Amino acid sequence: MKKTARHSRGNEDDMTHEEKKTAKIVEELTMFFFALEATYIETRIERGDRQSVIRLEADFDPSYTDTLSHLDQYLNGRKNDGMGDIYWELAGSGDPGETSQLLLVGMMIDRAEIQIAKDHVKLTLFRTY
């Protein structure tokens, strides 16, 4: 019985670690869209078995359209799982809207689906752990 309790506790610690990573991703994206003068940001997190899906919908000032044109490159760029695992705690340490922070988010997720309209964006991010 004690073995099960310890094993269960270990899973809770792992889950807390993954929940913190997910929260950091949401925080980074929220700060990014604040930097793009968003007046509306909605996020939703769906947790499943060993996977999280983060959905974000936001508006932005159209003068930042060029900045958003690189979003796919940052979020769906080359992955380095080791970097994401080591440096995830650095999320939030830079200035809002910095591309280095988006690159870090890109390393922490498996893939992103991005829909950009004139002054509105929808993101769906997938993380497996």
Side-chain angles (χ1 to χ4, degrees):
M1 190 94 164
K2 288 182 181 180
K3 186 175 183 178
T4 304
R6 264 187 261 141
H7 181 69
S8 175
R9 177 74 180 141
N11 286 341
E12 287 176 20
D13 289 342
D14 291 344
M15 186 54 69
T16 300
H17 184 74
E18 294 304 327
E19 289 168 346
K20 287 179 182 178
K21 284 183 182 180
T22 299
K24 287 281 190 178
I25 291 169
V26 171
E27 178 184 2
E28 278 308 315
L29 292 172
T30 300
M31 294 306 295
F32 176 75
F33 282 100
F34 278 151
L36 302 185
E37 299 181 23
T39 60
Y40 166 84
I41 302 170
E42 181 179 322
T43 58
R44 184 172 76 206
I45 301 168
E46 301 167 13
R47 293 184 349 176
D49 186 34
R50 310 288 300 159
Q51 182 183 38
S52 291
V53 178
I54 301 167
R55 299 182 193 281
L56 182 138
E57 193 171 333
D59 65 350
F60 61 90
D61 186 295
S63 65
Y64 292 101
T65 300
D66 187 52
T67 302
L68 281 175
S69 68
H70 302 287
L71 199 56
D72 184 65
Q73 174 187 346
Y74 299 134
L75 297 179
N76 285 315
R78 193 172 187 186
K79 305 295 182 204
N80 183 333
D81 293 334
M83 291 286 288
D85 286 341
I86 293 169
Y87 294 110
W88 72 270
E89 291 180 355
L90 294 176
S93 62
D95 290 329
E98 280 189 0
T99 56
S100 61
Q101 297 297 312
L102 290 178
L103 287 168
L104 181 57
V105 168
M107 284 188 237
M108 294 169 62
I109 63 171
D110 296 310
R111 68 183 172 91
E113 295 175 359
I114 303 164
Q115 299 173 340
I116 301 174
K118 180 181 169 189
D119 62 353
H120 191 85
V121 65
K122 290 183 182 182
L123 302 176
T124 305
L125 309 176
F126 300 88
R127 283 191 75 238
T128 304
Y129 40 88

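In this chain, numbering begins with 1 at the start of the sequence shown. All values derive from a computational prediction rather than experimental measurement.
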Arg50 to Tyr129 six-membered ring, cation-pi geometry met (6.0 Å, 45°): no

Leu68 vs Leu36 side-chain heavy atoms within contact, under 4.5 Å: yes

Approximate separation, where rounding is to 0.5 Å, of Leu102 CG and Leu29 CG: 7.0 Å

Leu56 side chain near Thr124 side chain, heavy-atom distance below 4.5 Å: no

Ile41 vs Thr30, side chain to side chain contact (heavy atoms under 4.5 Å, CB included): CA-CA, chis, key distance, verdict: CA-CA 7 Å; Ile41 302 170; Thr30 300; 4.2 Å; yes

Interatomic spacing from OG in Ser52 to CG in Asp110 - rounded to 0.5 Å: 10.5 Å

Separation between CZ of Phe33 and CD of Glu57, rounded to the nearest 0.5 Å: 10.5 Å

Gap between atom CG of Asp72 and atom CD1 of Ile114 - 0.5 Å precision: 4.5 Å

Where Thr65 and Lys118 come nearest, the two heavy atoms and their spacing: OG1-O, 4.2 Å

Arg55 versus Thr43, side-chain donor and acceptor atoms under 3.5 Å: no

Cationic N near anionic O, under 4.0 Å, Arg44 to Glu42: no

Ile54 side chain near Thr22 side chain, heavy-atom distance below 4.5 Å: yes

Spacing of Phe60 atom CZ and Thr39 atom OG1 [to the nearest 0.5 Å]: 11.5 Å

Glu18 and Arg127 ion-paired at < 4.0 Å: yes

Approximate separation, where rounding is to 0.5 Å, of Met108 CE and Ile25 CD1: 4.0 Å

Same apolar cluster (I L V M F W Y, side chains within < 4.5 Å links), Val121/Val53: no

Steps toward side chain to side chain contact (heavy atoms under 4.5 Å, CB included) verdict (Lys122, Glu113): CA-CA 8 Å; Lys122 290 183 182 182; Glu113 295 175 359; over 6 Å; no

Sub-4.5 Å side-chain heavy-atom contact between Phe32 and Thr67: yes

Sidechain-backbone polar pair: Asp59 side chain, Tyr40 backbone, donor-acceptor under 3.5 Å: yes

